[in-house]
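This report refers to the structure that appears directly beneath it.
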Amino acid sequence: FATLIFSHAINDMSGAFFAPLAPLIAKEFGLTLTAIGLIMTIRSFAGSLPQTLFGWLTDRHPSRWWLLSTPLIVGISRTIIGFASGFWSLTAMLSVGALGAACYHPAAASMARDISAGRRGLVMSIYVAAGRIGHAMGPIIALTLVSLLGLRGLVFAVSFYALSAAALARFAPRPTRQEAPPSEKAPSKFHRENWRPLVILYVTTICRNMVMVNLYGFLPLYFAAKGGALWEGGGALTLLLVSGASGGIVGGWLSDRFGRKTVIVLSAAAVAPLVLLFLRAEGIFQFALIPPLGVFTHAESGPRNSINF
């Protein structure tokens, strides 16, 4: 489990490289805000839509290679963005990295569920929080390397992915096809009454991710537009993600006690007012709103991933 947590943190770390560097990248490559937003949109689609296919393939053909093959693909493609020549090469690099992450997540999440031992809400929340912590480390690592070595210096972050690949190769368990006890067997057919809650969960997840993608992608650009330095926007993004990691763990703990639906509904209801308050606030009060925004945005991550249909 420790290896899985570590690899998830490293996998998601580079997902936060682009956003804090977006103001610098826009200046270096002469890109508009529209172009930056389009890159983020393409990257998001590349990292989300194929997950269903990779999940199906993981179920049909269980293998450690779904995990072992992804760290270097993700790491290399996301750390060489300083060598891009323009919009299309930059988009291609980030999209390949997103595809690698899409391949990693279904296999890793399945492994986390398998070892949850009756504490699925908490275990899945810790797994999700590890990704958030890695994501929170991303802006700090990216800005440090770029400040010291320039945009191309980001490539040295690939060493983290080599370490992750080595750890998975050594410690990741091999998938088994053991017969589950009758009480744990999945139903042979997807029951008709499950479609409605599944569709509701799917739509609310899309809405939540729209908010998260915009927060992740444009928070540094928002502070840059207000005259802030790269480190100010990167610090705001790190604060959001650290708060989100803690919110994910707390949400999982609460869901084991009060139910997954309760946590999902209450956390979702709190996000819109917090976003509106954040946009209207100024100065230190605006920064003070980032932690609760991160907590409530991420509190339902673990409960949502641990729901059974």
(request) Could you walk me through whether F29 and L151 pass the side-chain contact (heavy atoms from CB on, under 4.5 Å) test, one step at a time? (result) CA-CA 12 Å; F29 295 107; L151 196 55; 4.2 Å; yes
(message) If you apply the rule side chain to side chain donor-acceptor pair (under 3.5 Å), what do you find for S7 with Y104, and how did you get there?
(response) CA-CA 10 Å; S7 70; Y104 170 89; 2.7 Å; yes
(request) Please report the C-alpha distance between F156 and L148 in whole Å, then the side-chain angles of each, then the deciding distance to 0.1 Å, and finally whether the side-chain contact (heavy atoms from CB on, under 4.5 Å) criterion is met. (result) CA-CA 12 Å; F156 287 99; L148 295 175; over 6 Å; no
(request) Apply the test side-chain contact (heavy atoms from CB on, under 4.5 Å) to residues F223 and L237: give CA-CA distance (whole Å), side-chain angles for both, the deciding distance (0.1 Å), then the verdict. (result) CA-CA 10 Å; F223 281 99; L237 181 58; over 6 Å; no
(message) Does I133 form a side-chain contact (heavy atoms from CB on, under 4.5 Å) with V242? I'd like the steps, not just the answer.
(response) CA-CA 6 Å; I133 292 171; V242 169; over 6 Å; no
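Rounded to the nearest 0.5 angstrom, L274 CG and I290 CD1 are separated by 11.5 Å. Here R152 contributes atom CZ and L145 contributes atom CG; the two are 15.5 Å apart, rounded to the nearest 0.5 Å. For the atom pair L240 CG and T297 OG1, the distance stands at 6.5 Å (nearest 0.5 Å). To the nearest 0.5 Å, atoms CD (Q286) and CG (L293) are separated by 10.5 Å. For the atom pair L31 CG and I39 CD1, the distance stands at 5.5 Å (nearest 0.5 Å).
Closest approach of I141 and M13 over heavy atoms only: CD1-SD, 3.1 Å. What you find for A102 and A46 is that their closest heavy atoms are CB-O, 4.1 Å. Closest heavy-atom contact between S147 and L143: OG-O, 2.6 Å. When all heavy atoms of T70 and G100 are compared, the closest pair comes out as CG2-O, 3.4 Å. Here the closest non-hydrogen pair linking T238 and A136 is OG1-O, 3.3 Å. Heavy-atom minimum distance, P23 versus P220: CG-O, 4.2 Å.
Residues M40 and F45 have side chains not in contact (no heavy-atom distance under 4.5 Å, counting atoms from C-beta outward). Put simply, the side chain of F18 reaches to within 4.5 Å of the side chain of I36, judged on heavy atoms. The closest side-chain heavy-atom distance from L163 to I10 is not below 4.5 Å. Between F87 and L38 the shortest side-chain heavy-atom distance falls below 4.5 Å. Looking at V275 and F296, their side chains never come closer than 4.5 Å, going by heavy atoms from C-beta outward. By the 4.5 Å heavy-atom criterion applied to side chains, R43 and T91 are not counted as neighbours. Between F17 and L94, the closest side-chain pair of non-hydrogen atoms is not below 4.5 Å.
Both W88 and L33 are part of a single hydrophobic cluster, where members link through side-chain heavy atoms under 4.5 Å apart. Hydrophobic clustering (ILVMFWY, side-chain heavy atoms < 4.5 Å, transitive): L154 and M137 are in one cluster. Clustering ILVMFWY residues whenever any of their side-chain heavy atoms sit less than 4.5 angstrom apart, transitively, puts V271 in a cluster other than the one holding L266. L239 and I140 fall into different hydrophobic clusters, where Ile, Leu, Val, Met, Phe, Trp and Tyr are joined by side-chain heavy atoms under 4.5 Å apart, directly or via other members. Criterion: ILVMFWY side-chain heavy atoms under 4.5 Å apart, direct or through other members. Under it, F160 and V96 are not part of a common hydrophobic cluster.
When the ring-ring contact (aromatic ring centres under 6.0 Å, His included) test is applied to F285, no partner is found at least two apart in sequence or on another chain.
A donor-acceptor contact shorter than 3.5 Å links the side chain of S77 to the backbone of I73.
Within the structure, side-chain hydrogen bond (donor to acceptor under 3.5 Å, both in side chains) pairs that include any residue of residues 8-37 comprise H8-D12, H8-H105, D12-H105, S14-R78, S14-Y161 (at least two apart or interchain).
More than 12 heavy atoms of other residues, nucleotides or ligands sit less than 6.0 Å from atom CZ of F83.
No side-chain N or O of S48 forms a donor-acceptor pair with one of S44 less than 3.5 Å apart.
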